[in-house]
Every structure is written in C-alpha cells, then in structure tokens.
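Written out below as structure tokens is the structure these notes cover.
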Amino acid sequence: MEAMDLLQVLDHQQPRRLRVIENLLRGRRTVSTLYWGQRYHLLPLLDADKHLDRGALTVPAQQLVAANLVTLDSEEDQLLLTPAGQQRQSQVATYYRPQTSGDWLSLDLGAVRQRTLLAVQVTSQYAHSTSRYYPLTTDLATRRIIRQWFHRLKGPQLAETLSVALIQSLQQLPVQTAEAMTDLLTGYQHPGLTVDQVASKQQQTAWEIRLRQRDGLTQIARDARRADHPFHSLLQSLWRSPVTRSAQATLYAVEQGGSLEQVAAQRHVKTNTVKEHLLEAAILSPVAVFPYDQLLPESVRADFATVLNADIDSWQFAQLPEALRARYDFFYFRLYAIWRGRGMMADGTTHN
Amino acid sequence: MEPLTTSLQHVFGFNTFRTGQAAALTALEQGKDTLAILPTGAGKTLIYQLYGYRHPGCVLVISPLLSLMNDQVDRMRINGFRRSAAITSLTSYAERQEILRHLGDYQFLFLSPEMLAQPQMLAQIQRLQLSLLVIDEAHCIVQWGPDFRPEYLLLGAIRTKLQQPLTLMLTATAGETTRQEIAKQLRTRPEIVSESVNRPNIFLDVENVADELEKQARLKRLINQLQRPGVVYFSSKQQATDTALWLHQETGIRAAAYHAGLASEDRFKIQQQFMMGQLDVICATSAFGMGIDKNNVRYVIHYHLPADLESYAQEIGRAGRDGKPSVAILLYAPGDEQLPLALGQSNRPDDETIQRYYARPQQFSEDDPVIQLLAFYRQHGISQVAVTQMFTGRERERNRALAQMMAYARENHCLRERWLAAFDEQSPEHVATCCSPGNTPLDLSALGLIRQQSAVTVAPEREDWVVRLRRLF
Ligand SMILES: [Zn+2]
C-alpha cells in the first residue's frame, strides 16, 4: 500500500488504528483485529496482503501526516483524516472502487488466483499444441488439482469454452479491470505482466491493480457457480464460510446447550478460546444466524443499555461501573458492542 | 550397460556430449567422486540427469538456491524426469509431508542444505538407496558473503552419515584454493574435470568514474549505445529496482528489476519476458542467472564491485553464450570496495561477541542473523575456539578474494591475464579484442557492439482486451 491507498481506507470522524489495518491485511484473525476491521468497514480486506511486512504502513502514514492529510496520535497509531485529507479522498474520483468485495470473505481468493492462472496457462499452451513449457510456480496441491481438471476437460472445445466464459465474466466489470486481468494472465507466447508493470501502464497504484484482480477473480468464481462453466469443478469448492472450522464447531456445541465451561471441557480448549471463537463467529456471521438471544439475553442487554451511549467506538470496558464489570466479563461487553454495531438498537429493533 | 552416447541419444536426442560432460560421466561410471568445474551454460545438470537415468536409486541434489529449486524441478519435468521433487524451507508443511510419504518413489530429490541438516530429514534420507549425491554450486562451501550457508560446512559429516555415497560436486568456477577446500570439506579426493573459465568472445572492460553521479550517467550512456539485450548487476535490491525504473523513465528502454525479494509469480514473468525478447535490460542482483537459457545477452555491466572474481566470472558468463562478441563492463568509483567489505563485516561477529554468546547464549535474540549463525554452530557442537578460528580464517580468505577483485579493477595491463591468473590459468596473448583496462577507453564501434538506432517507431495501438484474451487460446 502506498500513501494514496492508505488514504482511501481512512475516515474523518472515526480514528483508525494503523496496526489494525496492517494486521487485517496480513490476515491476523485475532478478535480485536476482526472487531475493529468490522467497525472500520474494512473486513473484506482481511488477508488481502499476506506478505506485507510488519510496520510497512508506517512510512505511508508518515507521508500522509507530512502532507497534512491526516493526523496521527502521540502513540503513532490512531489516524484521522484532516479536512484537507477528506477533500483529497473525495477528489480522487478515479480511485478504484471494488464491486465484488461483498464476497471476498466467503472465497479463498489466493487459491482462486493460483488455480485460475495455472488453468489458463495450461489451456493456452494446449490450444497451441505446446507441451514443453515452464509452468507457473504453484504448490503441489494446485498442480495436482489442475492436472486432474485438465485431464477431465481437455478436448477440442476447451479453449473456446474457457475463452468465452472468461470474456463474459470480465465484461461485467469496468474495462480497465478487464484490461488488468488480461495483462496479468500467462499463456502461449505471453508471459504476462507483473502487477507493478500493469500499474505503471495504467497509471494506477499497484494496490488498485490488486483490487481489480480481486474483482476479476471473484467475478469468475461467481460465474463458475453454474454447473456448465469450465471452471465449475475447479472453483466451486473454494467458497467457504468466513468463520473458521474450529469456531464453527464451538458455535455448534454452544447452540446444543451447555455452559461455556462445559463446551470448553468437551472441546478440550480453554474457556477463553470458546469465547474467542464465539466473538469471531458473531463478527463474521449474519446477525440472524448467531444465537444472540441465548448468549446475550434481554436482561444483559438492558444492563449494558443503561450505562452505554450510542457512540460505540468510545466504549471502554475499564470505564464501566464496577458492579457491571463484576457481573459481566469482557466477552459480554464485546458481544454487546458487536450486536449494537451491527445495527441493533438498545431496544432490540433494527435501525434503518 | 549401454554406452554413454547411446543413453544420451535415448534421453535427450543428442549425438555428442559437450566438453566436460563426457569426462565427468566417465569418472562417475568408474565410481570416482568427481569435481566438475564447468562454465555456466555447459550443461552441468545433464551429467546427473543422465547418471540418474542409467542407475537405479535416487539422485540427491543439494542446492543452496532456495528460490530457484522449484525452477530446477520444473526443468527436470520438462526434460521428462517426472519423478522429481524439491524440499526447502519454503515448501509448505502439507507438501513436505506429501513428498516424504512417497520419498522412495523419487528419482531426483532436491534438498536445501538446511533441510538435510535436520536430524529427522537425514534419518529419512539414510533409508533411501542413493545412486548419486550431487553438491550443486559447490563453491558455496568456501564463499563467504550474505548468501553464505553455514549448513554447507556440515556436508562432510552428513556425507559420512550417508555412508560416503558416490559424489558429484558442481561449480562454474573454482581456483586451486577453492578446489582443495571443497575436497577437504567433503572428505574426499575427487577426480577433477575442468574446462577453461576463459570466454574469448567476451571483451573485458573496466571503467573508472569519479563518483556515483558520474557512474549513473555512464550507465545511462552505455545502455543507450550498446546492442541489446543486457544485464546490469547490483549489490542491493533497492538500487536494482530504482535503477530499472529510472532507466525506463529516462530512456524509454524496456527495463525490469529481478531479485530474490520478488514473488515467484513476478520472477517467472520477468524471466519469461526476458527470454522472449520483451525486455531490453534486467537490473538484477546475484539471484538472477540460474535457469536463464538466453544465448544472445550482449553485455553484462557491474554497477557495484563483486566480492570476488569467482562471482564476477559466474555473472559475466551470462553474456555471449551464442559465441558472438559481447562485453563485460565493470564500473568502478573510488571507495567501491567499501560495500563488499561492509556486507562481509555485517555477517561476522567479533571475538568478544562470540565469547559473550558462548557464555550466555540465552541472553541473545535470534532475530539477528549473526546470532543465528552462532546458534547454529553451537547447536552442532562446534567449540568457541573453533568458531573464532573459523571466522578469522574466513575473514582472511574474504580479504584475499576482495584484494584479488580490486587488483582486477586496478589492472593497467591485461584484464584477462589478471582474471585467469586467479584461476591458475595461463592467458592467451593480449590483442585488440581482448580487453580495455581502466586506463584505456572502451571503443564499442571497433567491437561491433554499437546498437543500430532503429527508426523511431510509433508504439502500435494497443488492441482491445477481448482480442488479446482470445489470442491466448
Ligand atoms: Zn587483455
């Protein structure tokens, strides 16, 4: 991420923590990262830059500060757009706005990317009757899956079917996104461009090109849900619940009844882990699916509602009245904040 | 058993070996450990591929080049050796388990030295029937630099644990000292197969510049004048990246950076673009080179002073593989030797640190690569005295190598003579097409290396993405 990319994920009212943004991009799934990622409306970017170095956002942040576009608190962590920053953010009208981010959490995009790139290369070389070429470097599992896929589908129609399908997918996206996706592909006599090369060609940041690629891949995966799509068997299994398997299992056990301690004993984990699993599930599942009524009964909500105002981000557990802290630990406090933050009003009705 | 040439015909479809290949294979067939010193591009891999084809069991290849090992496996597969796999620290846990489950099925196994140094891995390998042990880039045993792998020093002991299998040591360059050191470390007295390192079609040039600014200007001028494509080597990733960008902006040349910090997909794409002639120049670090079969590289420029003549010989060897006139240019500014000195220094703990570490190892953070190195030695039972001696010895060796490199940069008579003397070789008589040391100006037109300025061509209109995508299929 460069300074201009960082600017796009900041706000003029809500201070946003640099470490949270960094951990989100790096795919660190702690409850704190997920919670604040949701508060910032940035959860789709979870795991979007696995190889980002720790502290890599510090320099861009300092550049924004030097340009008076943001302010940074004394601990060099909380960023807030200045009026000039806010103006700049809205001025950059050409900055790329992803169109498919609603699906990003539900898709293993890294695997979609590897499989799509290798499958396109294999099909392209096959269409030109070449068998000796350097394949893209991928892991063993991807190579095996592509080999099986290719042996099942290869035939005179494959290249044409795939080409039509890809064009159909990319036509639903902005033309520059289709351009970028095409340039990034590898095939016969076409090594493909690197993200940096595409960025320099399109006069955009490398991060924008990556957002475009995420859009392109997600669109292809969406279209591949149809059983007659050539990538159906390749990509269908990469749709997943955003909630990890272990958190799902914990949630299931809790829903079957039993206290958190009982579930912890039954699953051979600490009670604290059970709580973390539940908070993760609460953040990443649709509101209607999570058993709020069981875990956060009306009486608990009422207790919190009496002391907490509507400014959720300002709430601090340490500042709750002592009596309340004695009755409920941090888990309930956080769960209540998630519930409120997802549009539930103090009285249990949904707002807007 | 069928004659070697019959196997060659069978597997590769060639009728004759390149020089060096036959001699190395013959020695191996006679059961002799072999040190093959063959120039880059001489087809060193063919030696163990063919040996593996002719003998049952597994060929175990130890290679220090982590990022390139998967490329090597790909090349094996392209050559029809499908039962090949690589395990490095970059291999995922799942993939590693998968390979280990079928370990006995592989004909060629590539391991990084630190993988082989792990006791569990070694135990697995001990169960295999090894037909041949290959130590690739064997000069790494003695080279001392940022890429130094301490695990290479354990190879002698590991080789003993593997019951001294027949061993092939491969390197592109090794003078007498290096040869002896390799043999000593691996506890063997190998048959030596060597070819001259001399490359008569590569013109050698050293250019003195006053400072960094003049160096940049000279580089830009050279890049504009010289026939393409070419490679410029740097000691730092950042400078390789910045210069590629700068050259492109300043001259419009199609330039890209290549270094070990790139993602594997980017490395793949840039290599392929270069092979297909879509790039005019690569700004590279020493990570670039292996796996590049490009014959028509016309120039190799060194922007920074390499740490020794062996690395220099390896890197300029990428020019002119087609036998046509090519040039190797070293740009030298006063004080350039400070960079390799500093790089070496930063990897070397002083005696006091060694002493403090051995006294209280737990007080040191292993985030520091120097401490990692010490921890490695300590864990392998090497005493403080021995480690101190080793570092001192290495430092002496490194200074000797750098002094040799400097002598080349400062040579006023014949660069080739100076270069070959370092490899204990006699140089042919100096002639006009041999070299131009720092006190002699470079005459590119006499060498026929000036680029024909192509008529200004308007960049072709870029086709619609649909057309481009269709063309893939
Ligand atoms: Zn000469």
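So you know, we letter chains A, B, ... as the sequences are listed, proteins then strands, and number each from 1.
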Contacting region of B:Ala256 [heavy-atom separation from chain A under 4.5 Å]: side chain

For A:Arg225, side-chain contact (heavy atoms from CB on, under 4.5 Å) partners two or more places apart: A:Gln236, A:Trp239

Spacing of OG1 belonging to A:Thr123 relative to CG belonging to B:Leu472, to within rounding of 0.5 Å: 10.0 Å

Separation between CZ of B:Phe473 and CG of A:Leu185, rounded to the nearest 0.5 Å: 7.0 Å

Donor-acceptor contact below 3.5 Å, side chain B:Lys269 vs main chain A:Leu193: yes

Engaged part of B:Arg471 at the chain A interface, taking heavy atoms whose separation is under 4.5 Å: backbone

Gap between atom CE of A:Met181 and atom CG of B:Leu469 - 0.5 Å precision: 8.5 Å

Verdict with reasoning, B:Glu265 to A:Gln114, per side chain to side chain donor-acceptor pair (under 3.5 Å): CA-CA 10 Å; B:Glu265 186 185 318; A:Gln114 287 216 352; over 6 Å; no

Residues B:Arg470 and A:Glu160 bridged, charged N to O under 4.0 Å: yes

CD-OG1 distance between B:Glu463 and A:Thr182, expressed to the nearest 0.5 angstrom: 12.0 Å

B:Trp465 side chain near A:Gln171 side chain, heavy-atom distance below 4.5 Å: yes

ring-ring contact (aromatic ring centres under 6.0 Å, His included) partners of residues 138-158 of chain A, not counting sequence neighbours, each pair once: A:Tyr126-A:Phe150, A:Trp149-A:Phe231

Part of A:Gln121 lying under 4.5 Å from any heavy atom of chain B: side chain

Between CZ on residue B:Phe268 and CG on residue A:Leu136, distance to nearest 0.5 Å: 4.5 Å

Toward chain B, the part of A:His128 with a non-hydrogen atom under 4.5 Å: side chain

Interface moiety of A:Leu158 toward chain B, non-hydrogen atoms closer than 4.5 Å: neither

Other residues, nucleotides, ligands: >12 heavy atoms within 6.0 Å of B:Arg82 CZ: no

Check against side chain to side chain contact (heavy atoms under 4.5 Å, CB included), B:Gln278 and A:Gln189: CA-CA 10 Å; B:Gln278 296 177 358; A:Gln189 294 198 339; over 6 Å; no

Proximity breakdown for B:Glu98 and chain A, heavy-atom pairs closer than 4.5 Å: side chain

Most chain B-contacting option - heavy-atom pairs closer than 4.5 Å, from A:Asp183, A:Val120, A:Val164, A:Val195: A:Asp183

Segment of A:Ala159 engaging chain B (4.5 angstrom heavy-atom cut-off): both

Test side chain to side chain contact (heavy atoms under 4.5 Å, CB included) applied to B:Gln272 and A:Tyr133, step by step: CA-CA 10 Å; B:Gln272 297 297 317; A:Tyr133 59 90; over 6 Å; no

Segment of A:Ala178 engaging chain B (4.5 angstrom heavy-atom cut-off): both

A:Leu118 portion near chain B, given a 4.5 angstrom heavy-atom threshold: neither

Full working for side chain to side chain contact (heavy atoms under 4.5 Å, CB included) between A:Gln197 and B:Asp266: CA-CA 10 Å; A:Gln197 288 171 331; B:Asp266 289 357; over 6 Å; no

Non-hydrogen side-chain atoms of B:Gln273 and A:His190 separated by less than 4.5 Å: no

